[in-house]
Colleague: 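Would you mind keeping the following structure in view while I ask a few things?
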Amino acid sequence: MKKVAIIGAGGFGRETAWLLAQLPQFDFVGFFDDKEKNGAPENLPILGKVSDVHQLPGGTGLVIAIANPQIRQGIAKQIDRHFEFPNVIHPQVVLDGPQNSVGRGNIIAAGVIITTNVHIHDFCIINLACTIGHDTQLSNYCSLMPQCSVSGHVTLGERCYVGAGARILQNLEMGADTVVGAGAVVTKSCAAGKKLMGVPAKEYVD
Ligand SMILES: CC(C)(COP(=O)(O)OP(=O)(O)OC[C@H]1O[C@@H](n2cnc3c(N)ncnc32)[C@H](O)[C@@H]1OP(=O)(O)O)[C@@H](O)C(=O)NCCC(=O)NCCS
């Protein structure tokens, strides 16, 4: 069994602890978090702040369970050279296929279905019951919230955040740092850094 700690003890971090408990190859040792004081309501151990991860014994794996892509990237870059970042994939994920690839540090939650020639790079979060169609690429640090549907031949640039229940139609490219609002239906490609909302999705300017 590999010892693993989670960075981020918020709701998604606790769901990731729940996920790890279902994977016999991992032994969850606790959280690192700058704000949370206890792993309530489950009362799971908080081992320290994020800067304390270096006190972990060598060989311990780390999982960064923070949905915000920019924060996740900042933490990964800060500690990357020192740790292993295993993929954490729920047993009820459909992913097998010789053409699919998954990098490292990814969290793939229960009920996700990934078909063929799909490439998940590093440190992505694919939350509950998302579907990802053929020939799609998720660049580093993308976050898909529950029940997103990403159709075939879609490319998401780095740090894209796709809200719950959003749909991205086929043959589209989302530039880096795109934010797609919950429930949106994206019908057109977009340049980097846009925020899209609604059906059909339109650019939202703050
Ligand atoms: C798109 C999103 C990131 C925008 O957040 P924001 O920039 O803080 O925007 P605000 O909450 O200030 O809302 C701005 C306006 O957009 C509207 N709006 C917000 N989210 C929207 C959405 N998903 N679809 C349509 N309109 C939306 C708000 O009602 C508000 O309208 P108003 O100006 O007429 O009052 C956010 O609303 C969202 O959808 N996040 C995804 C959440 C999610 O999936 N969580 C999963 C947790 S597991």
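Atoms within each ligand, like the ligands themselves, are counted from 1 in listed order.
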Colleague: Which ligand 1 atoms, with their elements, are less than 4.0 angstrom from a heavy-atom of P146?
Modeller: 48 (S)

Colleague: Do I89 and N106 come within less than 4.5 Å of each other through their side chains, counting heavy atoms only?
Modeller: no

Colleague: May I ask whether atom 12 (O) of ligand 1 is less than 4.0 Å from at least one protein heavy atom?
Modeller: no

Colleague: Output yes when a side-chain donor or acceptor of R72 lies under 3.5 Å from a complementary backbone atom of C142, and no otherwise.
Modeller: yes

Colleague: Could you check which of F12, Y161, Y204 puts a non-hydrogen atom nearest to atom 40 (N) of ligand 1?
Modeller: Y161

Colleague: Could you tell me whether A182 and ligand 1 have an N or O pair separated by under 3.5 Å?
Modeller: yes

Colleague: Do V88 and L19 come within less than 4.5 Å of each other through their side chains, counting heavy atoms only?
Modeller: yes

Colleague: May I ask you to list the atoms of ligand 1 that are less than 4.0 angstrom from any heavy atom of G163?
Modeller: 41 (C), 44 (O)

Colleague: Measure the shortest side-chain to side-chain distance between C124 and N140 over non-hydrogen atoms and say whether it is less than 4.5 angstrom.
Modeller: no

Colleague: Does atom 29 (O) of ligand 1 have a protein heavy-atom neighbour under 4.0 Å away?
Modeller: no

Colleague: Please assess N68 against Y161 for the test side-chain contact (heavy atoms from CB on, under 4.5 Å), listing each intermediate value before the final yes or no.
Modeller: CA-CA 8 Å; N68 180 297; Y161 176 97; over 6 Å; no

Colleague: For atom 36 (C) of ligand 1, is the nearest protein heavy atom closer than 4.0 Å?
Modeller: no

Colleague: Between the side chains of H119 and S101, is a donor N or O closer than 3.5 angstrom to an acceptor N or O?
Modeller: yes

Colleague: Do V185 and P200 make a side-chain contact, defined as non-hydrogen atoms from C-beta onward lying under 4.5 Å apart?
Modeller: no

Colleague: With the threshold set strictly below 4.0 angstrom, can you tell me whether any protein non-hydrogen atom sits that near atom 26 (N) of ligand 1?
Modeller: yes

Colleague: Judged on heavy-atom distance to atom 19 (C) of ligand 1, which of K195, Q147, M197, E15 sits nearest?
Modeller: M197

Colleague: Quiz question for you: does at least one protein heavy atom lie closer than 4.0 Å to atom 16 (O) of ligand 1?
Modeller: yes

Colleague: I'd like to check which ligand 1 atoms, numbered from 1 as shown, lie under 4.0 Å from a non-hydrogen atom of G181.
Modeller: 1 (C), 23 (N), 39 (O)

Colleague: Which atom names give the shortest non-hydrogen contact between Q170 and S151, and what distance separates them?
Modeller: N-CB, 3.4 Å

Colleague: Are D177 and Q70 linked by a side-chain donor-acceptor pair shorter than 3.5 Å?
Modeller: yes

Colleague: Could you tell me, atom by atom, which parts of ligand 1 come under 4.0 Å of a heavy atom of V179?
Modeller: 3 (C)

Colleague: Between ligand 1 and A164, is the shortest N or O to N or O distance under 3.5 Å?
Modeller: yes

Colleague: In the protein, what heavy atom is nearest to atom 47 (C) of ligand 1, and what distance, to one decimal place, separates them?
Modeller: M145 SD, 4.1 Å

